[in-house]
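In what follows, a single structure is set out as structure tokens and then discussed.
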There are 2 protein chains.
Amino acid sequence: MMKEPFTPNELKIAVIGGGTGSFTLLSSLKEHTSRIAALVNMADDGGSTGQLRDELGVLPPGDIRQCLVALSRTPEIRDLFNYRFDEGTLKGHAFGNLFLTALEKMKGDFGSAVELAGSVLNIVGTVEPITLTNVHLAMENGDGSVTRGEFRIAEHSFDGHRPKMWLEPNAEANPMAIKAIEKADMVVIAPGNLYGSLAPALIVPGVGEALKRTKALTVYVSNLVTKPGQTDNFTVCDFADEIERLAGTDFLDAVLYNTEQPSQDLLEKYAKEGELSVRVDEKALRDAHYLAVGTNLLSRAVWKNTNATADPLAANRTLIRHDSDAVAAALMRLYDYARPQ
Amino acid sequence: MMKEPFTPNELKIAVIGGGTGSFTLLSSLKEHTSRIAALVNMADDGGSTGQLRDELGVLPPGDIRQCLVALSRTPEIRDLFNYRFDEGTLKGHAFGNLFLTALEKMKGDFGSAVELAGSVLNIVGTVEPITLTNVHLAMENGDGSVTRGEFRIAEHSFDGHRPKMWLEPNAEANPMAIKAIEKADMVVIAPGNLYGSLAPALIVPGVGEALKRTKALTVYVSNLVTKPGQTDNFTVCDFADEIERLAGTDFLDAVLYNTEQPSQDLLEKYAKEGELSVRVDEKALRDAHYLAVGTNLLSRAVWKNTNATADPLAANRTLIRHDSDAVAAALMRLYDYARPQ
């Protein structure tokens with residue numbers, strides 16, 4: 001495999017996530033360094049990904065595909081990977097998912113499949129599944145009952161409960177992902193769906209320990225809005241707390257949060273869906289064991305859905321969004337200021 | 001797009017075909033020159049290709065895929081392109097067919113799709129659809145009735161009739177294919193299914209004229225065995241005659257044929273299926289308007305089906321095969337001997 005050229009003083013950054021927040025952040029971070037490792041949640045079981053898992057027994061390609069696309073240097077192949085068939089028996093499948101699925105079936109090994117896909121897409125850095133075990137997400141509800149499957153859990157209402165979550169069967173961490181955390185200069189927990197996208201990565205046995213052990217600056221980029229039924233009334237601190245609880249360790253060195261309010265108009269539109277701006281609890285942040293840094297991270301762009309064919313859901317998604325270039329720049333400044341000595 | 005590096009005295013070779021005969025010949029010819037243009041029949045409507053045409057209205061990707069694979073320099077991507085899904089709703093689809101289909105849908109243009117696929121596969125030379133019109137093959141039977149569809153026609157019995165064949169709707173030749181014929185030093189009509197693979201390329205309006213007009217040495221590599229119900233008792237001359245009749249012009253400069261008999265054992269096995277060795281009618285060949293060159297072109301290899309997953313039919317296919325390296329070498333010698341002055 002082709003190795004990435006890099007300048008020796010480029011930062012090694014590992015990004016943990018899955019979901020739009022991490023994809024856009026990866027696109028922006030690649031302008032700052034070529035030494036990126038995207039560590040990806042592997043519990044997705046909805047849509048095209050879910051169907052491929054069910055029918056072919058493969059690992060979930062969807063989030064991996066989007067990270068590969070975010071890090072790709074080849075616009076045409078990138079568009080192809082996100083192309084979604086809209087007719088016939090292929091309907092709903094993103095082409096890149098079929099690409100990864102065919103490679104995995106052919107090679108009998110998802111890790112090699114992702115590596116070869118990365119070379120076809122000519123990506124900056126690497127993409128590492130957080131685990132190569134074929135897992136599904138599970139959680140215990142307040143009444144002791146269990147809900148299974150990321151897609152279901154994403155739609156689930158927790159009623160204020162902070163759930164115990166685990167993967168079935170027991171996941172083994174991908175050694176390449178653990179190594180990326182250990183060797184990084186900075187580890188970023190990307191903003192994203194807390195229980196649907198971040199939890200499945202953080203709860204993989206070994207990941208919390210690596211996050212605690214690493215000499216890297218570990219930073220959580222706080223979400224902008226709450227998710228009804230799951231993170232209602234959450235403050236920045238609440239998000240950070242839950243991330244550490246899920247990882248099983250207080251590993252965070254820093255939390256980066258937004259200080260700019262979206263327009264009243266947007267806030268009202270969101271409020272109708274039960275989604276509210278994440279509150280900044282300044283006192284709690286001052287007292288926290290991590291460094292809390294607030295700045296304007298809000299996208300001012302009218303968010304155009306240029307990708308409607310590739311992702312029919314995107315048309316109706318969040319318009320309160322991070323300016324991922326601003327987040328990447330803030331992370332680089334934060335590292336300069338707070339780097340481990 | 002990346003242009004092929006080549007040494008100035010390399011031959012420009014255009015190969016007309018579709019089907020196994022042309023794919024293996026392309027693999028071997030690419031060892032002699034990097035200036036190859038594979039001109040591909042576009043009437044296939046069976047299997048995965050047929051389903052994609054029906055469901056998504058795309059041009060037939062199957063033969064194009066196999067030519068791309070034959071000319072690829074990247075073994076891993078080559079294997080991926082030939083990978084065939086064997087379960088679920090994707091069952092039967094060769095991955096490369098989905099690749100070309102997604103690209104065509106995304107770009108709205110099959111020609112650009114093939115070009116981009118060629119660059120991903122890092123191919124030697126170019127692959128050109130013989131037409132970019134979405135066509136189906138049709139033929140008139142002895143009783144005046146019409147049979148439609150390449151897949152059906154391939155299974156059809158002609159009872160000695162030499163059918164009139166045409167494409168529906170009227171095909172327009174791909175200007176890039178015509179140009180490749182005009183600019184070539186040598187044009188090779190690959191061995192293959194006469195009415196199913198060669199005819200749909202030769203009958204495209206403009207192709208015969210270009211074959212007549214070109215200054216290239218035009219060579220037909222004769223088939224080895226007859227096809228029951230279609231080319232029973234055909235001699236080398238009969239094949240050459242039919243090729244010229246279908247192209248509508250006596251364009252052939254040379255015919256290359258095999259002189260070695262397969263083993264009695266193999267011949268008997270084939271005879272049971274109604275497939276006989278193509279007879280060499282020496283007198284007729286001496287009197288023909290083209291140069292006829294016979295040599296040993298027979299593969300001695302025990303033909304192993306390494307590709308059974310990719311193509312389940314291949315397990316039961318012809319074992320009397322050309323040694324494509326021998327054919328390529330013979331073509332190069334023939335060119336040196338008979339090149340147009």
Side-chain angles (χ1 to χ4, degrees), chain A residues 1-2 47-58 61 65 69 72 74-109 112-122 306-310, chain B residues 1-2 47-58 61 65 69 72 74-109 112-122 306-310:
Chain A
M1 282 300 109
M2 192 178 60
S48 159
T49 288
Q51 194 189 334
L52 293 170
R53 293 188 76 175
D54 283 352
E55 291 189 356
L56 299 165
V58 294
R65 176 191 96 244
V69 163
S72 170
T74 320
E76 278 188 311
I77 308 290
R78 200 157 64 201
D79 293 348
L80 173 63
F81 260 62
N82 274 343
Y83 176 78
R84 213 174 272 270
F85 289 97
D86 57 2
E87 298 168 85
T89 43
L90 301 172
K91 187 170 175 170
H93 285 301
F95 172 78
N97 292 359
L98 303 184
F99 189 100
L100 287 162
T101 297
L103 267 184
E104 179 183 354
K105 297 297 278 184
M106 188 182 88
K107 297 192 148 277
D109 165 13
S112 315
V114 175
E115 198 182 342
L116 183 54
S119 111
V120 169
L121 282 158
N122 191 15
T306 52
N307 215 8
T309 332
Chain B
M1 282 298 108
M2 193 178 61
S48 159
T49 288
Q51 195 188 334
L52 293 170
R53 293 188 76 174
D54 283 352
E55 290 189 356
L56 298 165
V58 293
R65 176 191 97 245
V69 163
S72 170
T74 320
E76 278 187 312
I77 307 290
R78 201 159 63 200
D79 293 347
L80 174 63
F81 260 61
N82 273 342
Y83 175 78
R84 213 174 272 270
F85 289 98
D86 56 1
E87 297 167 85
T89 43
L90 300 171
K91 187 169 176 172
H93 286 301
F95 171 78
N97 292 358
L98 303 184
F99 189 99
L100 287 162
T101 297
L103 267 184
E104 180 183 352
K105 296 297 277 184
M106 188 181 89
K107 297 191 149 279
D109 164 14
S112 315
V114 175
E115 198 182 343
L116 183 55
S119 112
V120 169
L121 282 158
N122 191 14
T306 52
N307 216 8
T309 331

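The sequence lines fix the lettering, A, B, ..., with proteins before strands; numbering per chain opens at 1. From a predicted model like this one, the values you see are computed outputs, not experimental measurements.
Looking at B:Thr101 and A:Phe95, their side chains never come closer than 4.5 Å, going by heavy atoms from C-beta outward.
For the atom pair NZ (A:Lys107) and OH (B:Tyr83), the distance works out to 13.0 Å, reported to the nearest 0.5 Å.
Looking at every heavy atom in both residues, B:His93 comes nearest to A:Leu90 through CD2-CD2, 4.4 Å. Taking each heavy atom of A:Met106 and B:Glu76 in turn, the nearest pair found is CE-O, 3.8 Å.
We find that A:Glu55 and B:Lys91 are not joined by a salt bridge, their nearest charged nitrogen and carboxylate oxygen being 4.0 Å or further apart.
Note: A:Leu103 leads A:Val120, A:Leu103, A:Ile77 in heavy-atom pairs under 4.5 Å with chain B. Between chain A and the options B:Thr74, B:Asp54, B:Asp79, the largest number of non-hydrogen pairs under 4.5 Å is found for B:Asp79.
Under the side chain to side chain donor-acceptor pair (under 3.5 Å) criterion, A:Arg53 pairs with A:Asn134, sequence neighbours left out. Every residue was checked against the side chain to side chain donor-acceptor pair (under 3.5 Å) condition with A:Ser72, not counting sequence neighbours, and none meets it.
The aromatic rings of B:Phe99 and A:Phe99 sit tilted relative to each other, their planes meeting at an angle between 30° and 60°.
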Quick one, A:Thr89 with B:Gln51, criterion side chain to side chain contact (heavy atoms under 4.5 Å, CB included). Give me CA distance, side-chain angles, the key distance, then yes/no.
CA-CA 9 Å; A:Thr89 43; B:Gln51 195 188 334; 3.2 Å; yes

